[in-house]
2 protein chains.
Amino acid sequence: MSRVFNDEPYVAPAVRQRVLDAAKTLGYRRNNAARALASGRTHTIGVVTLGTAGYGPASLLVSIERAVRDAGYALRLVSTLDADPAGIAGGVQSLLEQGVDGIVISEPIDEGAASVGVDVPVLFLGAPPAFTAAQTLTAGTGAVLLARAATDHLLDLGHTTVHHIAGPQRWYAARERLAGWRQALEERGRGTPPVSYGDWSAASGYAAGRELARDSGVTAVFAAGDEMAIGLIRALLEAGRRVPEDVSVIGFDDMPVAAYVTPPLTTVRQPFEAAAREGLKLLVRAIEEPDVDIPPAADPPVDVVARASTAPPPARPQYLDST
Amino acid sequence: MSRVFNDEPYVAPAVRQRVLDAAKTLGYRRNNAARALASGRTHTIGVVTLGTAGYGPASLLVSIERAVRDAGYALRLVSTLDADPAGIAGGVQSLLEQGVDGIVISEPIDEGAASVGVDVPVLFLGAPPAFTAAQTLTAGTGAVLLARAATDHLLDLGHTTVHHIAGPQRWYAARERLAGWRQALEERGRGTPPVSYGDWSAASGYAAGRELARDSGVTAVFAAGDEMAIGLIRALLEAGRRVPEDVSVIGFDDMPVAAYVTPPLTTVRQPFEAAAREGLKLLVRAIEEPDVDIPPAADPPVDVVARASTAPPPARPQYLDST
DNA sequence: ATGAAAGCGCTAACAC
DNA sequence: GTGTTAGCGCTTTCAT
């Protein structure tokens with residue numbers, strides 16, 4: 001009887017035991033499809049993610065999986081090949097058909113809102129709501145704060161300015177980091193030098209680095225991702241500029257190899273775990289108590305990991321400076 | 001009417017159109033739970049994966065997701081916190097309850113078989129079957145061959161022997177690489193030097209590297225993973241041994257940053273995409289044609305990516321060698 | 001070629 | 001507290 005399996009009250013221990021025994025001997029396994037059909041609830045959360053194995057997205061996914069499981073839900077996954085509104089709308093659509101009680105959009109893209117008729121709550125992780133649903137929640141990784149902290153770290157070391165290699169601007173995450181960098185600079189009344197743009201890859205960091213290496217006025221660079229930072233460092237080294245003696249580099253993510261590249265990379269750690277956990281808490285509340293209003297999650301703490309790729313600027317007489 | 005949505009024959013175009021129109025205006029969305037309940041098929045494949053964001057597992061997952069989607073199935077995901085037989089049995093169990101038509105075990109652990117009553121076909125990706133199910137399939141990445149190729153690359157360069165930093169031996173993948181390394185050495189009648197063991201992390205590669213750096217007889221090392229290779233190189237560099245002039249290092253995986261670390265890492269590329277695609281083809285066949293027998297997938301091609309971390313051994317007079 | 005009807009295995013609501 | 005029953009929205013089979 002269902003009352004036993006659903007842990008409902010008012011069941012005599014004797015009866016419960018009898019049912020359990022029978023179930024075991026019969027090899028009974030509850031059928032979720034029937035449950036879902038009868039109750040209208042699937043106990044499943046759908047996740048729309050990016051189809052890439054990058055460290056950031058992959059870590060977030062792992063954290064989400066854990067959070068979903070801890071919340072007692074099962075997980076359906078769809079990933080979008082191309083991170084455009086149509087793609088994510090398609091993903092949401094397919095999740096809805098499969099049947100989910102809530103959706104997590106872990107695809108920090110934000111260009112034009114895709115509209116779908118969504119009747120379950122949706123959590124946007126690391127991006128503002130891109131469409132409206134029954135209820136939209138948000139939780140972030142505090143990227144603006146982290147980017148400010150990264151820039152401040154370099155400024156505090158004595159650099160007069162900090163250059164930035166940004167991520168692709170259709171990524172909300174990239175724009176947040178850019179904003180944080182700009183804030184830090186403006187707060188101290190420094191102008192913002194021209195920005196280089198990459199696509200998160202080490203190759204793009206390398207390309208940007210070749211340009212930057214030519215400008216001897218560059219003494220500090222904040223790369224919006226560790227991979228780009230690693231590519232950047234390689235370009236700098238090849239151009240004969242030492243890191244950190246001539247140029248300081250700070251990354252973003254703290255991927256596992258960051259501590260072991262040469263030189264070990266200073267970076268800021270992304271609080272994936274915390275963001276996923278907080279976000280899911282909201283989502284589950286929205287699912288289980290549809291009425292209450294839910295505030296956005298607070299930003300997680302900032303964690304700058306200082307290693308060997310950053311140092312004070314070279315003491316260099318003014319008249320030696322080019323441009 | 002269901003005949004329309006299931007693309008069945010014998011439906012007059014007029015009727016089909018009428019139904020489609022009605023569905024659209026009513027905002028009809030088909031309910032999968034009901035479908036599953038009535039048909040006994042969920043059109044969903046369950047994946048058991050490792051709860052880590054490492055490049056290898058993450059890439060495999062991405063490839064699996066794509067293959068599952070291309071096959072027209074939805075995807076349920078469970079990950080195991082701890083990669084032990086009980087964990088994977090639990091994952092399988094929960095997938096079975098949720099309802100899946102087939103299961104992919106992407107958890108290349110192999111220590112003791114966990115037994116569960118599994119009545120759907122199971123694909124073991126990168127590992128031999130760890131338990132018996134209705135039907136078990138396997139597909140691999142050809143790790144033995146890849147490891148042999150990596151070792152041969154070093155031997156062909158003129159190194160008299162090749163040291164190995166292996167992964168944790170409860171990973172089948174780690175044992176395969178070890179076997180490939182050994183094969184290559186024995187094939188040329190070379191003995192196998194003592195093996196160092198790591199845990200895939202750069203930190204463990206670094207630790208192993210500190211030992212290896214002490215032995216001046218070490219001129220070539222094959223690390224079972226790129227991250228370990230990166231840690232190893234760092235340890236070598238810190239010990240004053242140049243790479244590749246004094247010691248050559250080859251990794252395994254070809255993670256995206258490998259080309260940009262210093263020196264750029266020679267490595268072998270893992271054919272995740274191909275393995276996932278081939279494996280899923282088998283799984284889908286097993287689901288849709290339960291009777292036919294299915295052979296294991298063929299190993300994908302080998303791809304050694306030669307970069308700057310490998311070179312011929314230093315020409316060094318015999319009498320300068322310490323043991 | 002198409003309508004009608006009987007379940008699939010559960011939950012929820014109702015009796016007792 | 002516990003047994004009973006009517007659907008949930010489909011697929012499948014049987015009539016037509």
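To find a chain, count down the sequence lines: A is the first, B the second, and so on, and within it residues start at 1. Computed from a predicted model, the values in this text were never measured in an experiment.
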Subject >> Proximal nucleotide (of C:dC10, D:dC10, D:dT12) relative to the A:R30 side chain >> reply: C:dC10
Original post:
Expressed in angstrom and rounded to an integer, what is the separation of B:H43 atom NE2 from D:dC10 atom C1'?
Top reply: 13 Å
Original post:
Out of A:R177, A:E176, A:R175, which one pairs with A:V144 under the side-chain contact (heavy atoms from CB on, under 4.5 Å) rule?
Top reply: A:E176
**OP:** Look at the side chain of A:R76 and the backbone N and O of B:L75, then say whether any donor-acceptor pair between them is shorter than 3.5 Å.
**Re:** no
Original post:
Can you check the A:R41 CZ to C:dG9 P distance for me, whole Å?
Top reply: 23 Å
Original post:
Taking the side chain of B:R35 as its heavy atoms from C-beta onward, which of C:dG9, D:dT11, D:dG9 lies nearest to it?
Top reply: D:dT11
**OP:** Return the set of residues passing salt bridge (Lys or Arg N to Asp or Glu O under 4.0 Å) with A:D254 (not counting sequence neighbours), or none when no residue passes.
**Re:** A:R269, A:R307
**OP:** Measure the distance from CG on B:N31 to C1' on C:dC10 and round it to the nearest whole Å.
**Re:** 13 Å
**OP:** Go through C:dC10, D:dT12, C:dT11 for me and flag the one nearest to the B:S39 side chain.
**Re:** D:dT12
Original post:
Tell me: CG of A:L37 to C1' of D:dA6, nearest whole Å?
Top reply: 13 Å
Subject >> Partner set under salt bridge (Lys or Arg N to Asp or Glu O under 4.0 Å) for A:R41, not counting sequence neighbours >> reply: A:D101
